[in-house]
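To start, the structure itself, in structure tokens.
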2 protein chains.
Amino acid sequence: MTTDCQDCPLRNRDIFNPMSKEELTFTQGFKTGELVVDPGTTILLEGSNSPQVYTVLKGMGTRYTTLENGRRQVINFIFPGDFIGLQAGLMGEMKHSVEATTSMTLCVFRRSEIFRLFEQYPARAYDLTWIAAVEEHFLGETIASLGQRDASQRIAWALVRIYLRLRAVGLEEGHTVPLAYRQQDLADALGLSLVHTNKRLKALRDAGLADWQNGLLSITDLDTLAERALIDLEKPERRPLI
Amino acid sequence: MTTDCQDCPLRNRDIFNPMSKEELTFTQGFKTGELVVDPGTTILLEGSNSPQVYTVLKGMGTRYTTLENGRRQVINFIFPGDFIGLQAGLMGEMKHSVEATTSMTLCVFRRSEIFRLFEQYPARAYDLTWIAAVEEHFLGETIASLGQRDASQRIAWALVRIYLRLRAVGLEEGHTVPLAYRQQDLADALGLSLVHTNKRLKALRDAGLADWQNGLLSITDLDTLAERALIDLEKPERRPLI
DNA sequence: CGTTCCATTGACCGAAATCAAGTCCTGTGG
DNA sequence: CCACAGGACTTGATTTCGGTCAATGGAACG
């Protein structure tokens, strides 16, 4: 009882490039199944060699690495529409772990099919590279945040980005989106301590800009928040969905 | 009087995947020329739409973005063998700028050829995606550095990575490599102030671990430095060179 | 009801930023 | 040939942002 690519609830969101009927048919053929995991499950493990790659259909997770000193860096949050496992798919070994935060549903693709895809469906291979380029761009933005924004700006930046991303996949309801992470996860993503993260979040709440509590993020004043975050609110560019 | 791909001085370095004679012939055909630029030249400009993509043959540069508040983040340093411009190549617009620090020589490829490459040379297209995945991995490491390492660790980390990378392309001579950046560039890469960067560099010099002066980086004690940097010295993985 | 996990808040401390000179070097023009 | 101006690098003094420590509260759970 898996979801047909034709009926994919993400597909028609306008952050994703549209696909023709036959393209969808192919993607459907590329898909080998669906994986449903419970919160807390490790989907991909750093250093391992996953035989599968995935597209997130539902739910949220974190992508992280752990340093020698035991500290954890959340590289990014994983949302519906994200493609995961490309590194292992091409390079042979995961350089980070991916863990489910909420329950998640993933479309499963066989890793061994990737090369076939390059040989037979150049347009889809092109999409894959495009996805990697988009990811690269986001990571570059994150680097700029960690390097050049102070704690308040970083938090504002993260909340705005998350909010826009979730809104783009249709999870918004009256300026609020579901966001089931712990404050510790955000702290680990931004290179801040839990305590300080907590204090800055409170400040944003008190300022009436954003309120993240009980797994719900409400953006009260997007424009001001974006301004504080040094974010230029432009229309989000489209990207492929596989 | 351009360099033939067959005679490419980088090609046989063992961080790069080997290529057969016919593969080389194709790459040669994909190459449309060579570009030589002076220090200080902006090769790619954020927001612009370059008709070309490049592989660095010689010289060094920086890839950076500028935030709304005027602060500059160096996303990474560009070394021989790096492929640049992929984002513009696929997504249509550069998300960062690339500037030459030393004089540089670049292999030039026509951006419009990229799609043809996907259609006709899947193996090369695969390489391109691989390159993007490798890049993604490095950016993830950088994020972990900015987020979880303190100033001394960050600097040690950067110096080790740079040293290994330059050594891998044959620029090492007796534990020292040429490195013509300013301290400000390193500071902007690591999210540190110039002053503090200077002080930590001095500390490393005094500790007899690494000495970066007058455009030359000498790693006196790689093992200890790597340990301080929380780096696991493993053999560097190979990657494709286009 | 303990236990555990997460959020919250206050007190204190320290790493790194900022501020402020001063030193070299190199290139340039008188 | 020398004066000087601009860049990059150094170094010390001071400030501050954010980390660490410590304690408390609340909710979920067995």
Provide a list of protein-nucleic acid N or O atom pairs under 3.5 angstrom, restricted to nucleotides 15-19 of chain D.
from   : atom 1 : to       : atom 2 : distance (Å)
D/dG18 : OP1    : A/Ala151 : N      : 2.7
D/dG19 : OP1    : A/Gly191 : O      : 3.4
D/dG19 : OP1    : A/Ser193 : N      : 3.2
D/dG19 : OP2    : A/Ser193 : N      : 3.1
D/dG19 : OP2    : A/Ser193 : OG     : 2.8

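Using bins of under 30°, 30° to 60° and over 60° for the plane-to-plane angle, the ring pair B/Phe77/B/Tyr181 lands in the tilted bin.
Electrostatic pairing of A/Glu34 and A/Lys31 counts as a salt bridge here, judged by a charged N lying under 4.0 Å from a carboxylate O. Residues A/Glu136 and B/Arg63 are paired through a salt bridge, judged by an N-O separation under 4.0 Å between the basic side chain and the carboxylate. Looking at A/Arg165 and A/Glu172, no side-chain N of the basic residue comes within less than 4.0 Å of a carboxylate O on the acidic one, giving no salt bridge. Ion pairing of A/Asp188 with A/Arg182 is absent here, as no side-chain N (NZ or NE/NH1/NH2) approaches a carboxylate O to less than 4.0 Å. Ion pairing between a basic and an acidic side chain is recognised when a charged N comes within 4.0 Å of a carboxylate O; B/Arg72 and B/Asp185 show such pairing.
For CD of B/Glu46, the number of neighbouring non-hydrogen atoms (other residues, nucleotides, ligands) closer than 6.0 Å is greater than 12. The number of heavy atoms from other shown groups lying within 6.0 Å of CG (A/Asp206) is above 12.
For C/dT8, the OP1/OP2 oxygens have a side-chain nitrogen or oxygen of A/Asn198 closer than 4.0 Å. Look at B/Gln183 and you'll find a side-chain N or O under 4.0 angstrom from OP1 or OP2 of D/dT10.
Distance, A/Leu179 CG to C/dA7 C1': 15 Å, rounded to whole Å. Across the protein-nucleic acid pair, A/Leu186 atom CG and C/dC6 atom C1' stand 14 Å apart, rounded to whole Å. Between A/Arg205 atom CZ and C/dT9 atom C1' there is a gap of 12 Å when expressed in whole angstrom units. The CH2 atom of A/Trp212 sits 12 Å away from the P atom of C/dC6 (whole-angstrom rounding). Note: CD (B/Gln184) to P (C/dT18) measures 11 Å, nearest angstrom. Look at CD on B/Gln153: it is 12 Å from P on C/dA15, rounded to the nearest Å.
When the C1' atoms of four end pairs are superposed on the next four at each end of the helix from C/dC1-D/dG30 to C/dG30-D/dC1, using five pairs per end, the two resulting axes differ in direction by 30°, to 10°.
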